[in-house]
Chemist: 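Dumping the structure here so I can ask a few things about it.
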Protein chains: 2
Amino acid sequence: MNDKRHNPSDGERVAVLADGERPTLKTIAFMAGLGVTTVSRALKDAPEIGQATKTRVKLIAKQIGYRPNRAGVRLRTGKTNVISLVLNAQSEIMGLTSNLVYGISEILAETPYHLIVTPYSPEHDPMHPIRYIIETGSADGIIMSQTEPSDPRVRYLTEHDFPFATHGRTKMGIEHPFHDFDNEAYAYAAVKSLVERGRRRIAMVAGPGPAHTYYWHLDDGFKRGLQECGATGVTVDHWNGSVSLSDVRNRTEMFMREPNPPDGIICCTGGLAVAVVAGIEAVGLKLGRDIDLVSKQTTDFLQWFRPEIIVFNEDVRHAGRELALAVLRRIEGRDPTELQSLSYPELHETD
Amino acid sequence: MNDKRHNPSDGERVAVLADGERPTLKTIAFMAGLGVTTVSRALKDAPEIGQATKTRVKLIAKQIGYRPNRAGVRLRTGKTNVISLVLNAQSEIMGLTSNLVYGISEILAETPYHLIVTPYSPEHDPMHPIRYIIETGSADGIIMSQTEPSDPRVRYLTEHDFPFATHGRTKMGIEHPFHDFDNEAYAYAAVKSLVERGRRRIAMVAGPGPAHTYYWHLDDGFKRGLQECGATGVTVDHWNGSVSLSDVRNRTEMFMREPNPPDGIICCTGGLAVAVVAGIEAVGLKLGRDIDLVSKQTTDFLQWFRPEIIVFNEDVRHAGRELALAVLRRIEGRDPTELQSLSYPELHETD
DNA sequence: TCGAAAACCTGTAACGTTTCAGTTATTTAT
DNA sequence: ATAAATAACTGAAACGTTACAGGTTTTCGA
């Protein structure tokens, strides 16, 4: 039933000890004629075990395909070998979740860690999954997104000295591991590329609203860009937060009909860009001629939608990798300040 | 440090037993003046425990916020309370992965189960993660996608009598739990809606290629539709498998320049539709006038892209829910034949 | 040659849970 | 009144691992 390779020299003893069962330390101990303790220590290269013994034990372990029992380790040591990804199940920016998951998995695949995904519905308290993980000790580290300027989760986890990394920054004066896309640089670059195309009246549709930290980074970059380029910012209010795409289209349409409409718009997600374009075209304006649009995307599709859009890419898979590395290193005890990284907007290359 | 509610009547004893520590069966046993065994059995409503005792034990458990230690249960019983979602990290149809995850989580949230996501890179053996899970016993059930007509994973898991559910069907004569979108019905409906618009020469761009089961369902529905409607099928060969979107656009363009091009095209993913439209328009044809396009999507975006596209929706979150329910019931021992479901194409309502 | 240190190995206990095989007290049947 | 049956509970053992506190040898310095 169990198709393990059959080493003639030790096959018999394995069969006696564990027929069709998973090998344990006991199995190896018996095969090597050693105590279970010795085997355990030998496998983790403890200094008090002889070199010869270590090699012998490791050889046997590899031969019979030994894998430590996670439940045993976890019960004894409290170490779960689990990273928990906590996310808001609602706000799905195209491909964000999946790429984050894939990026994280890429890193964790090389380690004993497993990835548990814990989405919470937006009507629930974002603190709930966090508390659950701490109280039940069901992970060694947490990765979370939707970071807010003053984030209660960050405070809670820091107070409990629990390893975590956030996708996005906070503004609480707490040093913690994070990875963030440099939205300030993006908004700045966006303004610049619009101005380069001769646009002077620029609006920004930021999306998430002031609850999320990156709204402010966008705002900073936008203002810096305007100032340096001497362009005019056109205020777009009450567009942010949970507004449906249809709403965004309608508001864009109304907005473009007002006197002195913008000739350049910056969007911060591909979804928004699509809706904004619909609004622009409803008024009869043509993209690239009457108005220019800049957007970033997390998945290639905007240049298919309207090739005139100026597109910047945000590599979320890379963010996943960075976040995974950050939590792992934090678990190892590294200082949070060494575990903070940004990634920068890349102008999409049209081929 | 631990902010549990402080019940004056038993607070002292808790403090003595476990100050700031998680309560265990031992804690409850001490507080109730009972043996650990009794508490364990009381909590799971065993018949040999008195009704009064049960209520008392449960009350205490709830009061002190007892949660069974997963490692303890797992070590003793082998039950992991984990469902593993195994997916191909490459082929990301927009929003498929995330919606699947969210759907599954929705169901698991009501249960003690956690969701572990195990992507494998396409250059690796799809059997690898499956074998790993079985050999290390790291989950109680598996959900997997990218199902093939003759799928070695299905065979392996069935042989090992391990609970699983597939997103997609097989053609191996093995009865196993699955959920599938009815692609036959979709292709059929797609042909019909094209014919209703007066289209007679119809092509289908199926996408994944004959390796995946649903290619054949699409093909069946396509042929049935053609026959019933008396339309002509235009063969599109060598388009399937891992072809980039740019390739699809270029091939569409070449294809549309040939004599007797189709006047109706069926796509099976939104991504393909986008590329095909680009090819169509490159030839100067206009969607809705010269040619019609039907596509399904897993995320709302096609009607933003080109409102002329006839869009069907595939609700992947629903698929996730169905798959989760199927594995859970399979774990409970339900017959696989009761755990097979289809969902049907819904014409997208334009508002 | 002796004592001490170093090198290497080991058994026991514990983590929290459930299962097994009881034990005790109470009820029922005769 | 007594045996048998039932109800209600219990301690010990086990799952696989690691930490602790030893235990033997062997080696080495004086």
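Order of the sequence lines fixes the chain letters, A, B, ..., with proteins taken first and strands second; residue numbering starts at 1 for each chain. Please read these numbers as outputs of a predicted model, since none were measured by experiment.
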Chemist: Does this structure show an ion pair linking B/Lys58 with B/Asp45, if we count only N-O contacts that are shorter than 4.0 Å?
Modeler: yes
Chemist: Using a 4.0 Å cut-off on protein heavy atoms (strictly under), produce a 5'-to-3' string for nucleotides 18-24 of chain D with B for base contact, S for backbone-only sugar-phosphate contact, and - for none.
Modeler: BBB----
Chemist: Could you tell me, to 10°, how much the axis swings from one end of the helix from C/dT1-D/dA30 to C/dT30-D/dA1 to the other, five pairs per end?
Modeler: 50°
Chemist: For B/Ala165, which residues count as a side chain to side chain contact (heavy atoms under 4.5 Å, CB included) partner, sequence neighbours excluded?
Modeler: B/Pro177, B/Leu323, B/Ala326, B/Val327
Chemist: Mind checking ring-ring contact (aromatic ring centres under 6.0 Å, His included) for B/His167 and listing every partner two or more places apart, or none if nothing turns up?
Modeler: none
Chemist: Under 4.0 Å between a side-chain N/O of B/Thr53 and OP1 or OP2 of D/dA8, yes or no?
Modeler: no
Chemist: Could you tell me from which nucleotide to which nucleotide of DNA chain C, 5' to 3', there is an atom under 4.0 Å from chain A heavy atoms?
Modeler: C/dC8 to C/dG16
Chemist: Quick one: ring-ring contact (aromatic ring centres under 6.0 Å, His included) partners of A/His179, sequence neighbours excluded?
Modeler: A/His318
Chemist: Which residues pass the side chain to side chain contact (heavy atoms under 4.5 Å, CB included) test with B/Glu332, not counting sequence neighbours?
Modeler: B/Arg329
Chemist: How many whole angstroms separate atom CZ of B/Phe30 from atom P of D/dT10?
Modeler: 14 Å
Chemist: Less than 3.5 Å apart, which donor and acceptor atoms pair up between the side chains of residues 137-145 of chain A and the rest of the protein, not counting sequence neighbours?
Modeler:
| from | atom 1 | to | atom 2 | distance (Å) |
| --- | --- | --- | --- | --- |
| A/Ser138 | OG | A/Thr136 | OG1 | 3.3 |
| A/Asp140 | OD1 | A/Thr80 | N | 3.0 |
| A/Asp140 | OD1 | A/Thr80 | OG1 | 2.8 |
| A/Asp140 | OD2 | A/Thr80 | N | 3.2 |
| A/Asp140 | OD2 | A/Thr80 | OG1 | 3.3 |
| A/Asp140 | OD2 | A/Asn81 | N | 2.7 |

Chemist: Using a heavy-atom cut-off of under 4.0 Å over every strand shown, decide if B/Gly72 touches base, sugar-phosphate, or nothing.
Modeler: base
Chemist: Would you please name every residue forming a side chain to side chain contact (heavy atoms under 4.5 Å, CB included) with B/Thr24, sequence neighbours left out?
Modeler: B/Lys26, B/Thr27
Chemist: Per the salt bridge (charged side-chain N to carboxylate O under 4.0 Å, His left out) rule, what does the pair list look like for residues 101-113 of chain A, sequence neighbours excluded?
Modeler: A/Glu106-A/Arg317, A/Glu106-A/Arg321
Chemist: May I have all residue pairs that pass salt bridge (charged side-chain N to carboxylate O under 4.0 Å, His left out) and include part of residues 33-43 of chain B, sequence neighbours excluded?
Modeler: B/Arg41-B/Glu48
Chemist: Checking all strands, does A/Thr38 fall into the base, sugar-phosphate, or nothing category for heavy-atom contacts under 4.0 angstrom?
Modeler: base
Chemist: B/Glu123: what forms a side chain to side chain contact (heavy atoms under 4.5 Å, CB included) with it, not counting sequence neighbours?
Modeler: B/Ser121
Chemist: D/dA8 C1' sits how many Å from B/Leu34 CG, rounded?
Modeler: 10 Å
